Every structure is written in structure tokens, then in C-alpha cells.
Amino acid sequence: MTELVNLYDAKTQLSRLIDRAAAGEDIVIARAGKPIVRLVPVDDVSPRQPGLLKGLVVPDALFDPLPSDEQDLWE
């Protein structure tokens, strides 16, 4: 069953609400009784893999100045 919690109450109980949402409860935060967000647990995130971009080559042309017509668009 979904529990609707007003924003003011959610601010004072955020840690408890997060624990409950992580445990599988459906928590919806409302402003003036109108639902605005739902607390949901984050899916398991795999750890970073160091060296994933190893060997990536940045071309020297990336650091060349822009042509004057393109540079004018940025000013």
C-alpha cells in the first residue's frame, strides 16, 4: 500500500522514509496533498572499472582554435 507523506513531514523523517523505501515500501511525497515524487531504491550499481578508457586518444585538432565564423557565434 502506498503511503502519502507531506513534504514538511518528509523533511523531518527523511532517514526513516529512505530506510522504509529501501526495504520495499512504496512512499510518495506530496506538496499540499498533491503527489510530486516517489521514493524508490536504487538498483544495484556495479563498481567502477579502472582503466575503462585506457588507450583513448584525443586528437590534437580538438585544441585548435575555432574558425572565426564559429567563434563569433559564441560571443
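No experiment lies behind these values; they were computed from the predicted model shown.
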Compare every heavy atom of D9 with every heavy atom of T12, then report the nearest pair and how far apart it is.
OG1-O, 2.8 Å

Go through the steps to decide whether R38 and I27 satisfy the test side chain to side chain contact (heavy atoms under 4.5 Å, CB included), and finish with yes or no.
CA-CA 6 Å; R38 179 184 311 271; I27 308 289; over 6 Å; no

Checking V28, L17, L39 against V5 for side-chain contact (heavy atoms from CB on, under 4.5 Å), the one that qualifies is L17

Members sharing L52's hydrophobic cluster (side chains within less than 4.5 Å)
none

Rounded at 0.5 Å granularity, tell me how far CZ in R20 sits from OG in S15.
13.0 Å

Is it the case that over 12 heavy atoms from other parts of the model lie below 6.0 angstrom from the CD atom of E70?
yes

Please say whether more than 12 non-hydrogen atoms of neighbouring residues, nucleotides or ligands are located less than 6.0 Å from CG in D64.
yes

Considering all heavy atoms of both residues, which atom of L4 and which atom of P35 are nearest to each other, and what is their separation?
CD1-CG, 4.1 Å

Which pair of non-hydrogen atoms, one from A22 and one from P41, has the smallest distance, and what is that distance?
CA-CB, 4.1 Å

Can you list, by chain and residue number, the hydrophobic cluster partners of W74 when the side-chain cut-off is 4.5 Å?
L66

Under 4.5 Å side-chain linkage, directly or through intermediates, the cluster mates of I18:
L14

Interatomic distance, D19 atom CG to Q13 atom CD [nearest 0.5 angstrom]
12.0 Å

